[in-house]
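Structure first, then comments.
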Amino acid sequence: MSLPIEDYALIGDLHSAALVGTDGSIDWLCLPRFDSEACFAGLLGEDRHGHWRIGPADGGGRVRRRYLPDSLVLETEFTVDSGRARLVDCMPPRHGDPVLVRMVEGLSGQVDLRMTLAASFEYGSAQPRIQRYAGAHRIVAGSQALWLFGPVHVRRKQGVATAEFSVSEGARIPFALVWRNSRESAPDPPLVSAVIDRTARWWRDWVAGLTCASEWREAVIRSLITIKALTYAPTGGAVAAPTTSLPQQASGYRNWDYRYCWLRDAAATTGALLRSGALAEAAELLEWMTHAVAGPPGGVQDLYGVGGERRLPEIELDWLPGYDGARPVRIGNAATAEPPLDAFGEVLTARLAVRMAGLPGSGNPWDADELLDLLESRWREPDAGIWEVRGPPRQFVHSKIMVWAAADAAVKMIERFGDPGPAGRWRRLRAEVKADVLDRGYDSDAAAFVQAYERAGTDASLLRMGLRGFLPPGDERLRSTASAVARDLDRGGVLLRHGQDPADSVDGMPPGDGGHLPATFWLAQCLAAMGRPQDARHVFARLLELRNDVGLLSEEYDPLRRRLAGNYPLNASHVALADTAAALDAAAERAPVPAVTREG
């Protein structure tokens, strides 16, 4: 059985990423890309489905770990009765073959260790053959090969490589794993110490170029490093998470593949990068967005592959038992099936933000008249909404707000940058959508905006109304909506995405969703903007406590089991953390919000 999600740390090379457990086991790694087939898939099954473990031979002892400051180099320290040893793990930013290095260092006494490498290609379905070759071990199946380098004696049996060795104080034992196509010749053995030093220096140099004077610098920098690590360097696209099928509920059915790039995540990430001074990354991400969505606006999707791929068919892997027994295990994502209304607002607001930051930005990916024709004809129609529900389409209020955001961004780019386009029609669309939402989307009896025109009840996405500028922070309806969301959706200090009514399932799934961490960060941001900084700080402090020992967050938190849940680490959670810190910093500098208003 896999470790709790929070027991894993992340390492990566800006093309892919691995999860390393507190037991020294790498249980998840896809090569050569984030969305490639996994060669270590033990996270979603058993050891035989792929892992690489280095740890104390008896499996006992105490564990302490950390990242080297301002880096993605992981140190795991094992303490046993006979001594202490350190395991250093990293993947250098890639300039050639994918490489993963591990260094064992003796700190005191003598520690007996065991290494087990069970690569199993194609998501744990293809057992490899291991051959001794040119001073290394070649692990091959089909088109893929891994090359294992290390100074210890390795035994081979049924596709598994094992070794037992000891390390004393001052000793260092290096290991390296290199991925290549199976038809290629042996790679040169990596110089592990040099790779570790170079990787740590690369990350420190990158962090040094950031702007972060926040009270919460440590948490923000760790989140920015995580965001960067989830970026696919060749295109600038940012994956939602490096994992698939980590369940949102224990042994549940809500298991999705997040190794793709969502437009709404990309837009939010762009804003966080701009605020932190990572201007090149923000510009590259916008460039990825505009290339991905280019073409007729009617063909836009919620998500794309890291290279901008559109076809992401959803398939179930029936040979994997799933994390903690949660099935099915899915690869691909069928959320692409429904054209989203909110996507246009995400792309246009990101484009506006980049240009407002003084960057040139990308060209408009759509013909202005064609886009406006589509929005004018479709904004009154139901859709799947921000949560990409698999139940019936609805008239989600958040979707209408994002159409308003698209029109608002278009107007501002015409006014401020002289973009071509029918400004009058954009202004008219903006006014019509806003009037409709204020008329049909607000429940006067409940004193709150509703999830959808045909469905009363709260939804955490409504918190984005103020964050998007649809209403000013002092508007009484926005304030009362935030209070209703905080009251009705709270589960142990974290917010559900929406209410769960077994008689009317919004998302077409059985009830059992956990607390959604990005949405809870949105609440803190709203409270800060509304002039309630102490309440905002309280929510933020609670969320910071939910990070694991190396500062990582998943998508959700299960308050009953007190465990992180969902795919991990989640880009959106770390973007929301950085955004919340910025909101709290801004709240501390400005005057109190004016008296409550009501904007028509």
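FYI, side chains are in, hydrogens and waters are out, and symmetry mates aren't considered; it's all heavy atoms of this structure. Computed from a predicted structure; not experimentally measured.
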Once ring-ring contact (aromatic ring centres under 6.0 Å, His included) is applied, what residue pairs with a partner in residues 99-141 remain, sequence neighbours excluded?
Tyr133-Trp147

Determine which pairs satisfy ring-ring contact (aromatic ring centres under 6.0 Å, His included) with at least one residue from residues 260-282, sequence neighbours left out, and list them in order.
Tyr258-Trp262

Please tabulate, for side-chain N and O atoms in residues 159-167, each donor-acceptor pair with protein atoms closer than 3.5 Å (sequence neighbours left out).
residue	atom	partner	partner atom	Å
Glu164	OE2	Arg114	NE	3.3
Glu164	OE2	Arg114	NH2	3.3
Ser166	OG	Asp112	OD1	2.5

Do the non-hydrogen side-chain atoms of Asp13 and Pro93 ever get within less than 4.5 Å of each other?
no

Going by the ring-ring contact (aromatic ring centres under 6.0 Å, His included) test, which pairs reach into residues 207-229, not counting sequence neighbours?
Trp216-Phe540

Which of these passes side chain to side chain donor-acceptor pair (under 3.5 Å) with Arg65: Asp7, Asp549, Asp89?
Asp549

Test: ring-ring contact (aromatic ring centres under 6.0 Å, His included). Region: residues 58-116. Which pairs qualify, not counting sequence neighbours?
none

Salt-bridge contact Arg217-Asp70 (side-chain N to carboxylate O under 4.0 Å)
yes

Give me the one residue out of Ile227, Thr226, Val239 that meets side-chain contact (heavy atoms from CB on, under 4.5 Å) with Asn571.
Ile227

Is there any side-chain hydrogen bond (donor to acceptor under 3.5 Å, both in side chains) pair reaching into residues 31-44, and which pairs are they, with sequence neighbours excluded?
Arg33-Asp35, Arg33-Glu309

Tyr232 ring center near His15 ring center (under 6.0 Å)
yes

What class does the angle between the rings of Trp52 and Phe175 fall in, given that below 30° is parallel, 30 to 60° is tilted and above 60° is perpendicular?
perpendicular

